Amino acid sequence: MRGQIEFFFSPRTVVVVGASRKPGKVGYELLRNLREMFRGVLYAVNPEAREILGVPCYPNLASIPEDIDVAVVSVPAEKVLEVAEEAGKKGVKGLIVISGGFKEVGAEGLEREKKLIEIVKKYGMRLIGPNCVGVYVPKTGMNTLFLSKERQGYPTHGFIAFASQSGAFGSAVLDWAAMRGIGISKFVSYGNKADVDEVDVLLYLKNDEDTRVITLYIEGIENGAEFFKVLGEVTKYKPVVVLKSGRTEAGARAASSHTGSLAGSDSIYDAVFKQSGAIRAYSMEELFDLAMGLAMQPPAAGERVVVLTVGGGSGVMATDALSELGLKVPKLSDSTVSKLRKILLPFASPYNPVDVTGSAVDEHLVEAIDILLTSEDQIDAVMWLPYYMVPGITPELNKKFLERVKKVFRETNRVVPIVGVATGGSYTAIYAKEAESMGIPMYVSPERAAKVIKALVDYGRWLKRTGYFDYHIEKFRRTFLTH
Ligand code: COA
């Protein structure tokens, strides 16, 4: 049963129990979102209505003339057990309980939650929540968030899955991801995780073809041994980036009153994340910075990084940032330096960082990357800092650069991750976005890009240790080189 939760993400039939007739109420906005986005069959349950927002409405689950995959429950906590019992009798496969008023509110809520689990088990159902916002899947339009489209952005389909214990934070991140243009494969907020928890989600996403990278926001793990065992298995196949809060004593106290989670000692979590191959992020931006990089680039085989830049200052900052993270920015061999010298301007710097200067034209970057990728120096990763605003760089740069990179990757046996930095304003942002659409993740500062390279190095080390490195390189070659 663990991980068998596909029906929550691609249901055929969904019913909202507690659908409201009044705009602005949770049960109304939830139904409105589903009505606008969901591509399956939708029903509502409300004893007072025959139809809401054009959706057929029934007084109870029993009177719906069809089998139901998922019931989204949005009635006050004291009515949830009765609804769950009804759902069980009706043969509903899964419940998503949005309602709060369970474990997170103390003894009475805990008792109610235990009874809810009993009912769910008795009928062989699965349960997401309670105290959650549920799921959002752009591909199927399954959306149980109660935040209206006017106030909340919903990302398009993409390759990053995001699972969040917190509903509000999860929703805010979705909103931000939509604005930032980051696509999502699956989103799930499981709140008190009375049944479906991180283990189910990890096992499910491991086999989900739309998901390349899994991101998790967690406050605490109850079943540590099982979680870390599964985590260590999943990370062989897909990178998992974890944002774990409740790191401080006060933060742990806050986590306990938020979702009733025991945050536990942070240093233990840290050690076990490392031992399981997970990558730890420390903020929302970092979670997605790392996820984008890990989704778009291959793992690094080692820690030797070359910096290829149009700006000298950024090259220095990049070198500092990489070195501070324990990565190497090694001197290049004499033969590489002399090859670079031949194609670069006389005042360019052919060392590492390779600085093509503000007088550079596209070809300097294109020829330099060719030399670097094929050099005897066996570099493991590239930080690329094109300054799109300099006069000699044309709007064709990304295309020419990517074509050359792909040509070299095709002709050699080796691929290395390339992570870009584009510091600047609106003109720069246009080309950074273009580079991303072509497969190179771009960041606004060398410091952020350096953390991504560090994650690719750490992930590469883990994959080498577990014997899955070549599997990932092959997968990357198949996706990157065919687009
Ligand atoms: N079956 C179906 N519908 C029922 C029902 C039942 N047994 N009993 C009542 N209803 C209807 C109500 O008539 C109402 O519809 P109406 O507005 O058209 O009259 C609707 O269901 C909702 O019930 P109501 O009593 O008005 O509840 P509410 O909307 O005030 O609150 C919750 C319900 C679930 C939103 C609220 O209890 C709650 O838990 N809020 C917190 C949600 C949250 O933060 N979740 C976690 C996010 S991270």
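Note that the structure is a prediction, hence the values are computed from the model and not measured. The figures that follow rest on heavy atoms only: side chains count, while hydrogens, waters and symmetry mates do not. Each ligand, and each atom within it, is numbered from 1 in the order the structure gives.
- Of the protein's non-hydrogen atoms, Gly100 N, 4.5 Å is the one closest to atom 40 (N) of ligand 1.
- Numbered from 1 in the order shown, with element, the atoms of ligand 1 that lie under 4.0 Å from a heavy atom of Val17 read 1 (N), 2 (C).
- Of the heavy atoms in Val26, only side-chain atoms (C-beta onward) come closer than 4.0 Å to ligand 1.
- Between the Lys186 side chain and the Asp210 main chain, no donor and acceptor come within less than 3.5 Å of each other.
- Here Tyr431 and Tyr388 bring their ring centres to under 6.0 angstrom of each other.
- Within a 6.0 Å sphere centred on CG of Asp67, heavy atoms belonging to other residues, nucleotides or ligands number 12 at most.
- Given atom 17 (O) of ligand 1, the protein heavy atom at minimum distance is Ser20 OG, 2.6 Å.
- The residue from Ala19, Gly24, Pro76, Gly18 that puts a heavy atom closest to atom 3 (N) of ligand 1 is Gly18.
- Arg212 places a side-chain N or O within 3.5 Å of a backbone atom of Ala295 that can act as its donor or acceptor partner.
- Protein heavy atom closest to atom 46 (C) of ligand 1, with residue, atom name and distance, is Asn131 OD1, 3.4 Å.
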Check against side chain to side chain donor-acceptor pair (under 3.5 Å), Tyr387 and Ser314 = CA-CA 10 Å; Tyr387 266 55; Ser314 304; 2.4 Å; yes
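- Residue Lys79 has at least one N or O atom closer than 3.5 Å to an N or O atom of ligand 1.
- Looking only at distances, no side-chain donor or acceptor of Asp69 sits under 3.5 Å from a matching main-chain atom of Pro11.
- Distance from atom 44 (O) of ligand 1 to its nearest protein heavy atom, with residue and atom name: Phe146 CZ, 4.3 Å.
- Two rings, from Trp462 and Phe469, have their centers 6.0 Å or more apart.
- Within the 4.0 Å heavy-atom cutoff, Cys132 counts among the residues contacting ligand 1.
- The backbone and the side chain of Arg21 each have at least one atom closer than 4.0 Å to an atom of ligand 1 (non-hydrogen atoms only).
- Among protein heavy atoms, the minimum distance from atom 29 (O) of ligand 1 is reached at Lys25 CE, 3.4 Å.
- Scored by the ring pair (Phe, Tyr, Trp, His ring centres under 6.0 Å) test, Phe159 finds no partners at all (sequence neighbours excluded).
- Counting protein heavy atoms only, atom 48 (S) of ligand 1 is closest to Gly167 CA, 3.7 Å.
- Of the N or O atoms in Asn46, one or more lie within a sub-3.5 Å distance of an N or O in ligand 1.
- In this structure, Pro47 has a heavy atom closer than 4.0 Å to ligand 1.
- Judged by distance alone, the side chains of Gln152 and Asp175 never bring a donor and an acceptor atom under 3.5 Å apart.
- Summary of contacts: the protein heavy atom closest to atom 45 (N) of ligand 1 is Ile98 O, 2.9 Å.
- Outside the 6.0 Å centre-distance limit, the rings of His472 and Tyr237 are not counted as a close aromatic pair.
- For the pair Lys22 and Tyr28, the cation-pi test (distance below 6.0 Å, angle within 45°) is failed.
- Using a 4.0 Å threshold on non-hydrogen atoms, atom 36 (C) of ligand 1 does not count as touching the protein.
- In summary, the atoms of ligand 1 found under 4.0 Å from a heavy atom of Ser99, numbered by their order in the structure, are 34 (C), 39 (O).
- Of all protein heavy atoms, the one lying nearest to atom 5 (C) of ligand 1 is Val75 CG1, 3.7 Å.
- The CD atom of Gln165 sits 10.0 Å away from atom CG of Leu216, with the distance rounded to the nearest 0.5 Å.
- Every atom of ligand 1 with a heavy atom of Val45 under 4.0 Å away is listed here by number and element: 2 (C), 3 (N).
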